[in-house]
Amino acid sequence: MERTLVKDALNATAPMDAIFLQGWVRTRRDAKAFSFLEVNDGSSLRGIQVIADAGLPDYAHIQRAHTGASIEVRGKLVASKGQGQQWEVVAESFVVLGEADATYPLQKKGHTLEFLREIAHLRPRSNLFGAVFRVRSRLAFAIHEFFQRRNFIYVHTPIITASDCEGAGELFRVTTLDSSHPPMTEQGDVDFKKDFFGKRAYLTVSGQLEAETFACALSNVYTFGPTFRAENSNTSRHAAEFWMIEPEMAFCELEGNMALAEEFVKHLIRDAREHCTADLEFFSKFVDKELLTRLDFVLERPFQRCSYTDAIAILEQSGRKWEHPVQWGDNMQSEHERFLAEEHFKCPVTVYNYPRTLKPFYMRVNDDGKTVRAMDLLVPGIGEIIGGSQREERLEVLREAMAQHQLSEKEYWWYLDLRRYGSVPHAGFGLGFERMLMFVTGVGNIRDVIPFARTPGAAEF
RNA sequence: UGCCCGGUAGCUCAGUGGCAGAGCAGGUGACUGUUAAUCACUUGGUCGCUGGUUCAAUCCCAGCCCGGGCAGCCA
């Protein structure tokens, strides 16, 4: 007999004379004449209730079905006589495939997120993490759907790279050299010419530069893959390995870039609202009471836009005492970004046209010569979720910017070629997938929206 | 990396310079269709590690390890 997923059994429209379920026991309640089991197979937040009569030939097995055990049940799907569920399964035969003894760490009662992180191999069996990773899967799908519908081409940019996408952060080195006895040059330096790639190589911090090359051929492209930062960041919003979505559009300027970013964020929220209803309701009940209200509010309202210069004026005139001073030309600090999104605009806000000195070399210089066409999308509760810009398409201006950043034109020869041959205005951005998940689920720590988090000092599993 | 908070039973936590505590989980029994079932009884401890102060340290002090929060870096 074919297996029925719990999700489908719960959504049944009629009783079934024969049903075959496989899953894990969440809880068992015994009475004298029968036992109730809640069985979950990960297909939905809810489990299904199984009732097993003490007269069953297999009833002895049921005593071995503790919380965490894997089981198979054959029986009938019937309308439940009890409150709290529409359907239940009356067991006719019952097999415990894998027992879970008293050392099974997941209990029916609540656990702290910190404890569950230490058992990251088991935490998907909990309600919260089952829900988080179902939403993660759904949003990954929604990302492809959003871009494919708009005729964006999916590009797989390399994970190992020799370019460092200047400004994006510290890099992890990729090498096959023997760290205790590396080959040396005559000058006494490590000889990377003898390394696997014949030069220094790293894990990518961004696929942007490579995506630009494809945008300047296929018009609209996007990447979606893992990226790596070797920053010693210890916050709830940073991980050493995370997934990023990076669209890049030819024949597009800052305005179109901001519009796409805003539509994109709304699309993902709308998709989760529609396709992960039960999971989002669970988060709203147990993780963040304001979640659904906030998501719906964000869907309804247009995002705000505000130039960096105006943002600085708002901060200066706020009457607030800032821990970090507010001054045109300085980076906005967390407290400033939070104030804008959470208190001043009270909704997601796109800040654009940042001072040139704060941003990487590749951003399009404005006519004022002082600012570049950069944009950051700030959301309440998290801060920066998207960073992007229109790219500098003018060869001479780009070369000048590289000189100012002391970058070698030799290293970026292929990037400069894009401006030598058929250059066009183009723009793109990066969305941190995990930060988006934090926003959609209300989960407050990035470690809890990644299956196996990689943070400084932590690479278990 | 800096500042701050924490580490006591499998889990969540209370507690004290002088015999180590509760709830849940586990075990045994009861039970009428239960919903984190309920009721009774019950097993369970290197009080993070090392050193110091003390007659005596889980408690006070120092160092270290681990976890978390915030900040910086950014997505």
Check the phosphate of [N] against [X], side-chain N and O only, distance under 4.0 Å to OP1 or OP2. Yes or no?
X	N	answer
A:Ser334	B:G72	yes
A:Arg29	B:U34	no
A:Arg237	B:A71	yes
A:Thr235	B:C74	no
A:Thr103	B:G10	no
A:Arg26	B:A37	no
A:Lys81	B:G33	no
A:Asn234	B:C3	no
A:Gln83	B:U35	no
A:Arg117	B:G68	yes
A:His66	B:G27	yes

Heavy-atom neighbours of A:Lys266 NZ exceed 12 at 6.0 Å: yes
A:Glu335, CD atom: more than 12 neighbouring heavy atoms under 6.0 Å: yes
What is the distance from [atom1] of [X] to [atom2] of [N], rounded to the nearest Å?
X	N	atom1	atom2	value
A:Arg64	B:G27	CZ	P	13 Å
A:Leu116	B:G68	CG	C1'	14 Å
A:Trp322	B:A71	CH2	P	13 Å
A:Asp30	B:A30	CG	P	12 Å

Could you tell me which nucleotide pairs with [N] by Watson-Crick or G-U wobble geometry, both distances under 3.5 Å, or answer none if nothing does?
N	result
B:C47	none
B:U53	none
B:G29	B:C39
B:C13	B:G21
B:C73	none
B:G6	B:C66

Syn-anti status, with the boundary at 90° from 0, for the nucleotide B:C64: anti
pair [X]-[Y]: side-chain heavy atoms closer than 4.5 Å:
X	Y	result
A:Phe141	A:Glu145	yes
A:Val372	A:Asn353	no
A:Ile62	A:Phe94	yes

At 4.0 Å (heavy atoms only), tell me whether [X] reaches a base, stays on the sugar-phosphate, or touches nothing.
X	result
A:Leu113	nothing
A:Gly82	base
A:Phe115	sugar-phosphate
A:Gln85	base
A:Thr112	sugar-phosphate
A:Glu246	nothing

Between the protein and nucleotides 44-46 of chain B, which nitrogen or oxygen pairs come in under 3.5 angstrom?
none

A:Phe146 six-ring face occupied by A:Arg150 cation (under 6.0 Å, within 45°): yes
Cationic tip of A:Arg123 above A:Phe129 ring, under 6.0 Å, 45° of axis: yes
Distance-only polar pair, side chains of A:Asn366 and A:Arg373, donor-acceptor under 3.5 Å: yes
Given RNA chain B, 5'-ward residue of the pair A:Arg28 and A:His111, judged by closest heavy atom: A:His111
Per the atom types in the model, does the base of [N] pair as donor or acceptor with the side chain of [X] at under 3.5 Å?
X	N	answer
A:Ser233	B:C74	no
A:Gln49	B:U34	yes
A:Glu114	B:G7	no

Ring centres under 6.0 angstrom apart (A:Tyr222, A:Tyr154): yes
